2 protein chains.
Amino acid sequence: MARGRTAPRLVDVAERAGVSLATASRALSGREGVSPAVAERVQAVAAELGYVVNAHARSLAGGSASIVGLIVHQIDDPYFSEIAAGVISVAYEHGITVQICHSARDPENELRQIRTLVANNVRAIIVAGSGYVGDEVETAAKRELAAFQDTGGRVAVIGRHALRADAVLPDNEDAGAALAEHLVGLGHRQIAIASGTVNLTTVVDRLAGIERALADHGIDIDDLPLVEAEFTRDGGAYAAERILAEHPGSTAIIALNDAMAIGALATLRAHGVAVPSQMSVVGFDDVTVAADLAPSLTTVRLPMAEMGADALMMALKDPSSRPRRRHTGHELMVRDSSGPVRA
Amino acid sequence: MARGRTAPRLVDVAERAGVSLATASRALSGREGVSPAVAERVQAVAAELGYVVNAHARSLAGGSASIVGLIVHQIDDPYFSEIAAGVISVAYEHGITVQICHSARDPENELRQIRTLVANNVRAIIVAGSGYVGDEVETAAKRELAAFQDTGGRVAVIGRHALRADAVLPDNEDAGAALAEHLVGLGHRQIAIASGTVNLTTVVDRLAGIERALADHGIDIDDLPLVEAEFTRDGGAYAAERILAEHPGSTAIIALNDAMAIGALATLRAHGVAVPSQMSVVGFDDVTVAADLAPSLTTVRLPMAEMGADALMMALKDPSSRPRRRHTGHELMVRDSSGPVRA
DNA sequence: AGCGCTTACGAAAGCGCTTACGGCGGCCCG
DNA sequence: CGGGCCGCCGTAAGCGCTTTCGTAAGCGCT
């Protein structure tokens, strides 16, 4: 801070109001032990001077740092920005500010973000988005979070199984099952999967649900083509490209999130493949735009904003001895991108 | 911070390494004046203890707080989340963390966010998104920002004319002109406008460009139907609804951003109006999904991520005496949602 | 050996705030 | 009318860090 020595401090307010530092502090943070008259005067002076408390000093001195950290994989992915919006709205009601970090789906980076948040003395850390399967850095991150909790920090995760933290868990497996069930019900058997990288637990969970539902109908998921790609729009476009080229008999594509589904739809359109008459496409999440695509996307709705809000509320509540888990429901949104398999 | 009295402090590291506080501090922040041997030892101890510097204490003590604030209107709007991604990527390279605030397009709220950021001792504040026309609170915000600058803070704005701050300015007016030009070139004369609330400078600027281009062709914008609504997807849907009902002769809709255009397309689809054969639709921004809509959206591309990146870089550079302004170009993306007016 | 110079390091003074702790009136009660 | 209690407020001790300043040691030179 190369601050040029201005910005009113608490002393300035105190002096001007003719009270001590302690009284000014109490008056401004609305603590008791100050007569109404004095409190009002101090507040008036503060307003007049445009005083804002230095949050760092406050936090250092033991006042509660009213800031929480949110770590997302990719802020410009609607899935995460909708979660962020949910977190922010609750934070706002509580007068808390949110510091958003963006890990770019790099576990190493995520670890760094966690460290930064801890260094910023945040009250809580919310980690949104899939965990990483079998990643060593991931466990380093877990250690870091555990240490944070040991020192009184709160942690909540969204869509990630974690040891000791409160968690909001979307029902990825059941959602996958619902989607697979839907397609099978429409007569599809030649189903291709546009998958995100399988080091993501979300991907693994969704696949597990799909596998289960298909097995109920005597279909072995291992017999189905699965293209692994980035968990993004472009990944979906690429996966669809390969599915078209290598598995021309497919009648449906399950994309493991809406971003991939959008990419897949783009590829299909480019190749003149009609959806859903020639190919059904389904996704996961129900991002806002899913309903506005043409054809509108059949997907499984996850209440992202609500998940974000819930996670923060859990983190704000007094810690429970045992981690809370809230399982979110899912809702199959049947729209125009899926239809009966062509005769 | 109800931290339960743990978390290693600098003293702990210093003691353990057998050096003074000062030396430990210097060693860890890589300042000179420490012998390589000692520096290495201190760093080893710090790593061993899992020490992370308390950013608040550092900032208080005069170390630079490596945090910048970003204020956006709506984080779950792709326009803003793409800007945020741009800001974050640059921040990351510089080891800076970004605190994102979301003003929900409420100037009052925005003012509060600015105050919070100032209180958090941020190094810079980036304000993204349109300013508000003739809003008193807006000028309060300006005062606050000016005070922040006076105390050494840096300010950059994106898409907003500001007095003394560096600014990244999308070419809203020319973009509007280009779009209007495009439609007129296709033969459209009965053009309806789905406008965001006209208290937003972005809206005003875009309208000005449209007006100019239309005037060149002898069309008076005031003769055209304009529906004012929220600057969002739902606003666009509503505006299209009214345009359809009240101005059935329209052959084209200019939505003042892509979100509104998406809403408008949804309404048109619901009413069975073919795009572009019965109605052309164009938007502004070129959010990622615009190209993936069906029909793909004709729009004017603004380089959001780049704008965010530029804004942060300007804010990081040493202050110039005069505010810098960087005008971003625009690029007309002609896609499938606009076509010649039907004979 | 003595001089000045550089370099490595330590002591201590805060940064702006919160919060014990203690003092000083006024009130009630006996 | 005095003692105790309570409500209001001031004094001062830090929170964990950076940084100025000072000191001691090491160097090359005369």
Side-chain angles (χ1 to χ4, degrees), chain A residues 1-42 46 49-67 118-123 151-152, chain B residues 1-42 46 49-67 118-123 151-152:
Chain A
M1 292 292 58
R3 250 358 115 59
R5 196 55 296 112
T6 341
R9 289 155 308 158
L10 187 55
V11 264
D12 302 326
V13 175
E15 265 176 21
R16 187 108 185 236
V19 298
S20 76
L21 226 60
T23 303
S25 170
R26 281 189 279 253
L28 289 178
S29 36
R31 233 179 312 287
E32 54 182 7
V34 185
S35 70
V38 172
E40 194 175 339
R41 180 152 42 94
V42 172
L49 261 47
Y51 171 78
V52 281
V53 48
N54 180 322
H56 289 178
R58 165 177 285 179
S59 144
L60 228 208
S64 67
S66 51
I67 170 167
V118 171
N120 269 298
N121 223 336
V122 297
R123 180 192 296 192
T151 61
Chain B
M1 293 292 55
R3 249 359 116 60
R5 196 58 294 111
T6 340
R9 290 153 308 159
L10 187 55
V11 264
D12 302 325
V13 175
E15 266 176 21
R16 188 108 184 236
V19 298
S20 76
L21 227 59
T23 303
S25 170
R26 282 188 278 253
L28 290 178
S29 36
R31 232 178 312 288
E32 54 182 7
V34 184
S35 69
V38 172
E40 193 174 339
R41 180 152 42 95
V42 172
L49 260 47
Y51 170 78
V52 280
V53 49
N54 180 322
H56 289 178
R58 166 176 285 177
S59 144
L60 228 208
S64 67
S66 51
I67 169 167
V118 171
N120 269 298
N121 223 337
V122 297
R123 179 191 296 191
T151 61

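All figures in this text were calculated on a predicted structure; none of them were measured in a lab. In what follows, chains carry the letters A, B, and so on, assigned in the order in which the sequence lines appear, proteins first and then strands, with residues in each chain numbered from 1.
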Note to self: Nearest heavy atom decides the nucleotide; on that basis, is B/Arg26 or B/Asn54 closer to the 5' end of DNA chain D?
What the structure shows: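 Result of the comparison: B/Asn54.
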
Notebook entry, point to check: Once you round to the nearest 0.5 Å, how far does CG of A/Asn121 lie from CG of A/Leu60?
Noted result: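 Rounded to the nearest 0.5 Å, the CG-CG separation comes to 7.5 Å.
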
Next item on the list: Any strand is fair game: report the nucleotide pairing with D/dG22 by Watson-Crick or G-U wobble, both distances under 3.5 Å, or none.
Entry: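 In the structure as shown, D/dG22 has C/dC9 as its Watson-Crick or wobble partner.
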
Notebook entry, point to check: Now, which nucleotide makes the Watson-Crick or G-U wobble pair with D/dC27, with each of the two distances under 3.5 Å?
Noted result: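 Matched D/dC27 with C/dG4 under the 3.5 Å cut-off.
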
Notebook entry, point to check: Heavy atoms under 4.0 Å, any strand shown: does B/Ser25 hit a base, just sugar-phosphate, or nothing?
Noted result: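 Counting heavy atoms under 4.0 Å across all strands, the contact made by B/Ser25 includes a base.
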
Notebook entry, point to check: Base, sugar-phosphate, or nothing for B/Arg31, non-hydrogen atoms under 4.0 angstrom?
Noted result: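 Here B/Arg31 touches the backbone only, sparing every base.
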
Would you mind reading off the distance between [X] atom [atom1] and [N] atom [atom2], rounded to a whole angstrom?
X	N	atom1	atom2	answer
A/Asn121	C/dC17	CG	P	16 Å
A/Asn120	D/dC17	CG	P	13 Å
A/Glu32	D/dC8	CD	P	9 Å
B/Tyr51	D/dG16	OH	P	10 Å
A/His56	D/dT18	NE2	C1'	15 Å
B/Leu28	D/dG16	CG	P	16 Å
A/Leu60	C/dC17	CG	C1'	8 Å
A/Leu21	C/dC15	CG	P	12 Å

Margin query: I want to check something: taking the side chain as every heavy atom from C-beta on, are A/Arg58 and A/Ser29 in contact at a cut-off of under 4.5 Å?
Written below: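 They are in side-chain contact.
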
Item checked: Non-hydrogen atoms of A/Ala46 and A/Leu28 that approach each other most closely ->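 Where A/Ala46 meets A/Leu28 most closely, the heavy atoms are CB-CD2, 3.8 Å.
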
Selected nucleotide, minimal atom distance to [X] side chain, candidates [options]:
X	options	answer
A/Ala57	C/dC17, C/dG10, D/dT11	C/dC17
B/Leu10	C/dC17, D/dC8, D/dT18	D/dT18
B/Arg58	D/dT18, C/dG16, C/dA11	D/dT18
B/Ser29	D/dG16, D/dC9, D/dT18	D/dT18
A/Ser35	C/dC15, D/dC8, D/dG10	D/dC8

Checklist line | Chi angles and distances behind the side chain to side chain contact (heavy atoms under 4.5 Å, CB included) call for A/Asn120, A/Ile67 | finding: CA-CA 9 Å; A/Asn120 269 298; A/Ile67 170 167; 5.5 Å; no

Next item on the list: Please step through side chain to side chain contact (heavy atoms under 4.5 Å, CB included) for the pair B/Leu10 and B/Val53, ending with a clear verdict.
Entry: CA-CA 7 Å; B/Leu10 187 55; B/Val53 49; over 6 Å; no

Notebook entry, point to check: Does A/Thr23 make a side-chain N or O approach to OP1 or OP2 of D/dC9 shorter than 4.0 Å?
Noted result: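 For A/Thr23, the contact criterion (side-chain N or O under 4.0 Å from OP1 or OP2 of D/dC9) is not met.
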
